[in-house]
J.: 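My questions will all concern the structure given below.
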Amino acid sequence: MMQYAPSRPQFEVFQVSGHLNGVNATDLQNQLKHKVASTPAQDILVDMAQVDSLDSSGLMVLVGALSFAQRLGRQLVLCSISPSVRIIFELTQLDKVFPIFDNQAAFEMTLP
């Protein structure tokens, strides 16, 4: 007899774009928190390929989402960060806190 076990997707992609700043931080926070809470996936991949700029408000939203994901036993990872945005992570040393991948394919190669 065969049993069917529904599979969980390994990861969910959350695409962000534009300017992540105080103007849209609340909307981003609500969307990201909902994604983290509602996905059946273990990992949430935040694709930042289309992010033009990031300020402290946007950064705090990402830090909050990381903390929320960890409390739920999930992993929040970032990918495709432009050099101008990546330097913000390096200056704040958050590049040591967030798992950051060059792109989605690089992240997928780490999955079992």
Side-chain angles (χ1 to χ4, degrees):
M1 179 174 169
M2 294 179 66
Q3 291 187 357
Y4 172 72
S7 65
R8 270 180 17 167
Q10 284 194 289
F11 67 97
E12 184 84 28
V13 177
F14 185 82
Q15 183 78 48
V16 289
S17 62
H19 305 282
L20 306 185
N21 55 32
V23 174
N24 58 22
T26 302
D27 286 341
L28 175 63
Q29 180 178 24
N30 292 337
Q31 291 174 21
L32 197 47
K33 192 171 185 179
H34 179 265
K35 175 66 81 176
V36 170
S38 65
T39 183
Q42 182 66 32
D43 300 320
I44 298 91
L45 178 67
V46 180
D47 187 333
M48 298 181 62
Q50 297 178 24
V51 172
D52 299 319
S53 67
L54 176 72
D55 75 0
S56 60
S57 298
L59 205 53
M60 292 314 300
V61 166
L62 293 173
V63 169
L66 176 68
S67 177
F68 182 62
Q70 289 172 339
R71 285 197 306 274
L72 296 178
R74 298 198 167 119
Q75 177 174 248
L76 186 89
V77 299
L78 309 177
C79 79
S80 305
I81 300 176
S82 71
S84 60
V85 171
R86 189 179 192 99
I87 198 153
I88 296 166
F89 283 90
E90 292 170 359
L91 290 171
T92 58
Q93 296 193 352
L94 287 172
D95 60 326
K96 295 172 177 43
V97 175
F98 283 92
I100 300 175
F101 294 88
D102 288 341
N103 51 46
Q104 186 172 324
F107 170 68
E108 287 180 30
M109 289 175 54
T110 68
L111 298 174

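Values reported hereafter were calculated over all heavy atoms of this structure, with side chains retained and with hydrogens, waters and symmetry mates removed. Starting from 1, each residue takes its place in the sequence as its number.
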J.: Could you check I81 against V51 for side chain to side chain contact (heavy atoms under 4.5 Å, CB included), going step by step and ending with a plain yes or no?
T.: CA-CA 8 Å; I81 300 176; V51 172; over 6 Å; no

J.: Is there side-chain contact between E108 and L45, with at least one heavy-atom pair below 4.5 Å?
T.: no

J.: Have a look at L54 and tell me which of I87, V61, V85 forms a side chain to side chain contact (heavy atoms under 4.5 Å, CB included) with it.
T.: V85

J.: Are L32 and V23 grouped together when hydrophobic residues (ILVMFWY) are joined by side-chain heavy atoms under 4.5 angstrom apart?
T.: no

J.: Considering all heavy atoms of both residues, which atom of S80 and which atom of Q104 are nearest to each other, and what is their separation?
T.: OG-N, 4.4 Å

J.: Side-chain heavy atoms under 4.5 angstrom apart, residues restricted to Ile, Leu, Val, Met, Phe, Trp, Tyr: same cluster for L94 and L76?
T.: yes

J.: Has Q29 got a side-chain atom pairing as donor or acceptor with N24's backbone, closer than 3.5 angstrom?
T.: no

J.: After noting the C-alpha distance and the side-chain angles of I44 and F11, does the key distance pass the side chain to side chain contact (heavy atoms under 4.5 Å, CB included) rule?
T.: CA-CA 6 Å; I44 298 91; F11 67 97; over 6 Å; no

J.: Do the side-chain N and O atoms of T39 and E12 include a donor-acceptor pair separated by under 3.5 angstrom?
T.: yes

J.: Cluster question for you: counting only ILVMFWY and a side-chain heavy-atom cut-off of under 4.5 Å, with indirect links fine, are L28 and M60 together?
T.: no

J.: Using only heavy-atom distances, determine whether the side chains of R71 and S67 contain a donor-acceptor pair under 3.5 Å.
T.: yes

J.: Below 4.5 Å, heavy atoms only, C-beta onward: do F14 and Q31 meet side chain to side chain?
T.: yes

J.: Does the ring of F68 carry K33 above it, NZ/CZ under 6.0 angstrom from centre and within 45° of its axis?
T.: yes

J.: Could you see if L78 belongs to whatever hydrophobic cluster contains L59? Use Ile, Leu, Val, Met, Phe, Trp, Tyr and a side-chain cutoff under 4.5 Å.
T.: yes

J.: State plainly whether one hydrophobic cluster holds both V16 and V97, where clusters connect Ile, Leu, Val, Met, Phe, Trp and Tyr through side-chain heavy atoms under 4.5 angstrom apart.
T.: yes

J.: Just how far is it from atom CE of M109 to atom CG of N103, taken to the nearest 0.5 Å?
T.: 9.5 Å

J.: Distance-only, no hydrogens or angles: does the R74 side chain make a donor-acceptor pair with backbone N or O of V36 under 3.5 Å?
T.: yes

